[in-house]
Amino acid sequence: MTYGSVSGVKEILVLAVATFDTEIGDCLASADALVDSFLKHAGLAVPVVVPQNVADASDYFAAYLFRKRRDPEGAEAFWAEANRFLDAYVDAEASPYVGSA
């Protein structure tokens, strides 16, 4: 199961051509592994229905991996954004729900 999507990564990278779809797909596989590893470290796993924050984190990690091959310094913004999404998910899962029932 993948968390992000090629189309999501292409939207982040502002790519409209299919030339890089295979490479982006490979980056997504690595991005999903990163997400799994970071969540495992936090004692979490991705549920069957992938939360939006997790999908976004995967897309941004994949964008980072793709861009890093071409522009290592410019790729850092994607890494930071991916971590923001993943941290938001981890924080939400660690906090008890205090809403109304």
Keeping to residues at least two apart or across chains, list the salt bridge (charged side-chain N to carboxylate O under 4.0 Å, His left out) pairs with something in residues 2-21.
Lys10-Asp21
Hey, could you give me the CD1/OG1 distance between Ile24 and Thr19, rounded to the nearest 0.5 Å?
9.5 Å
Can you tell me if Asp32 and Ser58 form a side-chain donor-acceptor pair at under 3.5 Å?
yes
Under the side chain to side chain donor-acceptor pair (under 3.5 Å) definition, can you give me all pairs with a residue in residues 41-50, not counting sequence neighbours?
none
Can you tell me how far apart CD (Glu76) and CZ (Phe78) are? Round to the nearest 0.5 Å.
11.0 Å
Residues at least two apart in sequence or cross-chain that pass side chain to side chain contact (heavy atoms under 4.5 Å, CB included) with Asp26, listed by chain then number, are Thr22
Considering residues at least two apart in sequence or located in another chain, which fulfil the side chain to side chain contact (heavy atoms under 4.5 Å, CB included) criterion with Gln52?
Ala55, Asp56
side-chain contact (heavy atoms from CB on, under 4.5 Å), that's the test. Do Phe20 and Leu13 meet it? Break it down for me.
CA-CA 11 Å; Phe20 301 107; Leu13 294 169; over 6 Å; no
Those residues that, when tested against Ser30, pass side chain to side chain donor-acceptor pair (under 3.5 Å) (two or more places apart)
none
Sequence neighbours excluded, which residues qualify as side chain to side chain contact (heavy atoms under 4.5 Å, CB included) partners of Ala82?
Tyr60, Phe61
Side-chain donor-acceptor pairs of residues 84-94 under 3.5 Å, sequence neighbours excluded:
unit_1, atom_1, unit_2, atom_2, d
Arg84, NE, Glu81, OE1, 3.2
Arg84, NH2, Glu81, OE2, 3.2

Given the rule that I, L, V, M, F, W and Y join up when any side-chain heavy atoms are under 4.5 Å apart, are Val35 and Val49 in one cluster?
no
Determine the minimum heavy-atom distance between Ala62 and Cys27, stating which atoms define it.
O-CB, 3.7 Å
Taking only residues two or more places apart in sequence, or in another chain, which ones meet Glu23 in a side chain to side chain donor-acceptor pair (under 3.5 Å)?
Arg69, Arg70
Can you tell which of Val6, Val54, Leu28 makes a side-chain contact (heavy atoms from CB on, under 4.5 Å) with Asp59?
Leu28
Once side chain to side chain donor-acceptor pair (under 3.5 Å) is applied, do any residues pair with Asn53, and if so which ones, sequence neighbours excluded?
none
How close do Ala31 and Leu65 get, counting heavy atoms only, and between which atoms?
N-CD1, 3.9 Å
Gap between atom CG of Asp36 and atom CG of Leu44 - 0.5 Å precision
11.5 Å
Roughly how far apart are Asn83 CG and Tyr64 OH, rounded to 0.5 Å?
10.0 Å
With sequence neighbours excluded, what pairs up with Ser5 under the side chain to side chain donor-acceptor pair (under 3.5 Å) test?
Ser7
